[in-house]
Amino acid sequence: MTADHVSSRKSEPKPTRTAVIDGIGAWLPDLSVFNADLDPALNTSDEWIRSRTGIAHRYQVSRGTATSDLAVEAGRYALRSANEPRVDAVLLATTTPDHSCPATAPTVASRLGLNGLPAFDVAAVCSGFIYGLANATGLIAAGLAERVLLIAADTFSTIVDPTDRSTAVIFGDGAGAVVLRAGHTDEPGALLGFDLGSDGDNVRLVGVAAGGSRQRSTGPSTQQKDHYLAMEGRKLYRHAIDRMSASCAKALQTTGWAVSDVDLLVPHQANALIISGVVKALGLPAERGFSNIEHVGNTAVASVPIALAHAARMGVLKAGNRVLISAFGAGLSWGAATLTWPDVTPHHNFGPQLIGR
C-alpha cells in the first residue's frame with residue numbers, strides 16, 4: 001500500500017464525550033378527561049375534536065396540584081429507571097412554573113433529596129425538552145457534570161380558558177424526565193446532533209399576554225382573558241410543519257444520517273395533522289412517526305419525553321434504534337435532535353388509556 005493510498009483513506013470519526021440517556025420516567029395526573037367531559041360551553045363534539053386534532057382524551061391536574069408536583073414524580077421515576085439517585089445538576093423545562101419568581105427547579109431538586117445542587121428552569125415552551133437536552137449535553141461535554149436530571153413538566157390546564165374552543169380541547173398536563181450520564185457518541189443512548197432555532201418576529205401568534213413586565217398581572221389595561229393562552233392555530237399549523245421538518249433535516253445532516261436511517265421519529269404531540277405533515281415533509285414512511293396524542297393530548301414541553309417512554313413501553317422503540325426527536329412552540333421556538341435508543345426500562349404511572357396500546 002502506497003503512502004498516497006494511506007493518506008487518502010477516510011478515518012472513522014473518534015467517539016467524543018456527550019450525554020447518554022441512562023433512565024426515563026413519565027407521570028400523568030389522575031384526572032381523566034374525555035372529549036365528552038369538556039365544558040358544554042365549547043359547543044363542540046367528540047367527532048369535531050378528533051377530526052381537527054386527533055385527540056380523544058387527556059389528563060389534567062386537580063385544583064391545588066402544581067407543576068412541581070408532577071415534576072417530582074417524573075424525576076423520581078427517571079432516577080429509579082437509571083438505578084442511580086446521584087446526579088450533579090437538575091434542569092426543569094416548563095412554561096407553567098409554580099411562581100413567576102423564583103424558578104421551580106430548586107424546589108423540585110430539594111423535594112427529590114438533591115438540595116444543594118445547581119438547579120435551574122429552561123423556558124422554551126414546547127421546545128423546552130430539546131433545549132434542555134442541549135443544555136444538559138453542554139454541561140456534560142464541558143466536564144461540569146457527570147450526571148444530569150432533566151425534567152419536562154407542564155400544567156397547561158392552569159393557563160387555558162376552559163371556554164375557549166381553540167385551546168381547551170388541545171392541552172393536557174403531564175411530566176417526563178430523563179437521567180443523562182457522561183459517555184461517548186459510539187454508545188447506545190448517546191445524543192448525537194442538535195438543531196435549535198427561534199423566530200421572535202412571530203411572537204404574537206401564541207402566548208399569554210399578562211403576568212410579565214410588558215403587561216402586569218393587574219391594571220387598567222389588563223382583562224381576565226389576558227391571563228389565558230391565546231393562539232392563532234391556522235398560522236401556527238404551517239409554521240410548525242415547516243420549522244420542524246427543516247430542523248429535523250439539519251439535525252440529520254449534522255449527525256450524518258439520511259432520512260432512511262431513522263427508525264422512529266418522535267415529534268412534539270401538538271396536533272395529529274401537524275405530526276402527519278412533518279412525517280410527510282421528511283419523506284418518512286407513516287409507520288415511522290410515533291404519535292400518542294389521541295390518548296394524552298398536547299402535554300406541551302412534556303410531550304416528547306412522555307411519547308418516548310410510551311413508545312419504549314409499547315416495544316415500538318427498541319434498544320439500538322436510531323431516533324429523531326423534534327418540537328415546536330411559542331416564541332416561536334423549535335429544535336430537533338438525534339440519538340440511538342439505549343436499553344432502558346421506562347418507569348411510569350400510565351393507566352388503562354395507555355397500557356397495552
Side-chain angles (χ1 to χ4, degrees), residues 39 42 52-53 55 58 60-61 66-67 70-71 92-105 120-132 135 152-175 196-244 247 267-271 273-274 293 297-304 326-335:
D39 193 323
L42 292 173
R52 287 161 176 79
T53 68
I55 300 169
R58 77 283 292 148
Q60 293 180 355
V61 295
T67 294
L70 303 187
L92 173 64
T94 186
T95 314
T96 56
D98 287 8
H99 309 281
S100 60
C101 176
T104 304
F120 60 91
D121 290 1
V122 177
V125 199
C126 296
S127 304
F129 178 68
I130 295 179
Y131 272 71
N135 272 269
D154 263 328
T155 53
F156 256 56
S157 65
T158 63
I159 61 170
V160 165
D161 181 352
T163 64
D164 178 4
R165 189 169 66 172
S166 67
T167 57
V169 304
I170 296 172
F171 292 98
D173 303 329
L196 304 172
S198 71
D199 173 13
D201 290 343
N202 283 291
V203 66
R204 295 187 181 277
L205 291 183
V206 56
V208 178
S213 61
R214 178 65 61 190
Q215 183 175 344
R216 301 300 175 91
S217 298
T218 60
S221 64
T222 298
Q223 303 175 41
Q224 181 62 37
K225 67 180 180 62
D226 295 332
H227 291 277
Y228 290 129
L229 181 77
M231 66 180 191
E232 298 186 37
R234 291 184 179 180
K235 292 181 180 179
L236 286 170
Y237 172 81
R238 193 67 256 169
H239 274 289
I241 294 175
D242 291 346
R243 304 296 196 180
M244 288 173 71
S247 187
H268 167 49
Q269 305 293 302
N271 177 298
L273 298 177
I274 290 174
I293 193 172
N298 179 345
T299 54
V301 72
S303 76
V304 171
S326 181
F328 172 87
L332 300 174
S333 64
W334 58 85

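Note that the coordinates shown come from a computational prediction; the quantities given were computed from them, not determined experimentally.
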Side chain to side chain donor-acceptor pair (under 3.5 Å) test vs Thr67 passes for just one of Asp98, Thr155, Thr95, namely Thr155
If you look at every heavy atom in Ala71 and Leu92, which pair is closest and at what distance?
CB-CD1, 3.9 Å
If you take all heavy atoms of Ala327 and Cys126, which pair is closest and at what distance?
CB-O, 3.5 Å
What verdict does the side-chain contact (heavy atoms from CB on, under 4.5 Å) test give for Phe171 and Ile159, after you've listed the backbone C-alpha separation in whole Å, the side-chain angles of each residue and the deciding distance to 0.1 Å?
CA-CA 10 Å; Phe171 292 98; Ile159 61 170; over 6 Å; no
Shortest non-hydrogen separation from Thr96 to Ala153 and the atoms involved
OG1-O, 4.3 Å
Short question: side chain of Asp154, backbone of Thr299 - any donor-acceptor pair under 3.5 Å?
no
Where is the tightest heavy-atom contact between Ser127 and Gly329, given as atom of each residue plus distance?
OG-N, 3.4 Å
Under 3.5 Å: donor-acceptor pair, side chain of Asp173, backbone of Ser157:
yes
Going from CZ on Phe328 to CD1 on Ile241, what distance comes out if it is rounded to the nearest 0.5 angstrom?
10.0 Å
What are the two closest non-hydrogen atoms of Met244 and Ile274, and how far apart are they?
SD-CG2, 4.3 Å
Which distance, rounded to the nearest 0.5 Å, do you find between the OH of Tyr237 and the CG of Leu273?
5.5 Å
For Arg52, does its backbone N or O pair with a side-chain atom of Asn271 as donor and acceptor, under 3.5 Å?
yes
Between Gln269 (side chain) and Ser303 (backbone), is there a donor-acceptor pair under 3.5 Å?
no
Could you check whether any side-chain heavy atom of Leu236 comes within less than 4.5 Å of a side-chain heavy atom of Asn202, counting everything from C-beta outward?
no
Rounded to the nearest 0.5 Å, how far does CD1 of Ile293 lie from NE2 of His268?
7.5 Å
Any pair counted as salt bridge (Lys or Arg N to Asp or Glu O under 4.0 Å), so long as it reaches residues 230-242, sequence neighbours left out:
Glu232-Lys235, Arg238-Asp242
Distance from Ile55 atom CD1 to Asn298 atom CG, nearest 0.5 Å?
6.5 Å
Interatomic distance, OG@Ser333 vs CZ@Arg243, rounded to 0.5 Å, equals 11.0 Å
State the OG1-CG distance between Thr163 and Asp161, to the nearest 0.5 angstrom.
3.5 Å
Nearest non-hydrogen partners of Ala302 and Ala152, listed with the distance
CB-O, 3.5 Å
Residue from Met231, Arg165, Arg58 passing side-chain contact (heavy atoms from CB on, under 4.5 Å) with Ile170
Met231
Do any N or O atoms from the side chain of Thr104 and from the backbone of Pro97 form a donor-acceptor pair under 3.5 angstrom?
no
Close side-chain approach of Leu229 and Phe156, heavy atoms under 4.5 Å
yes
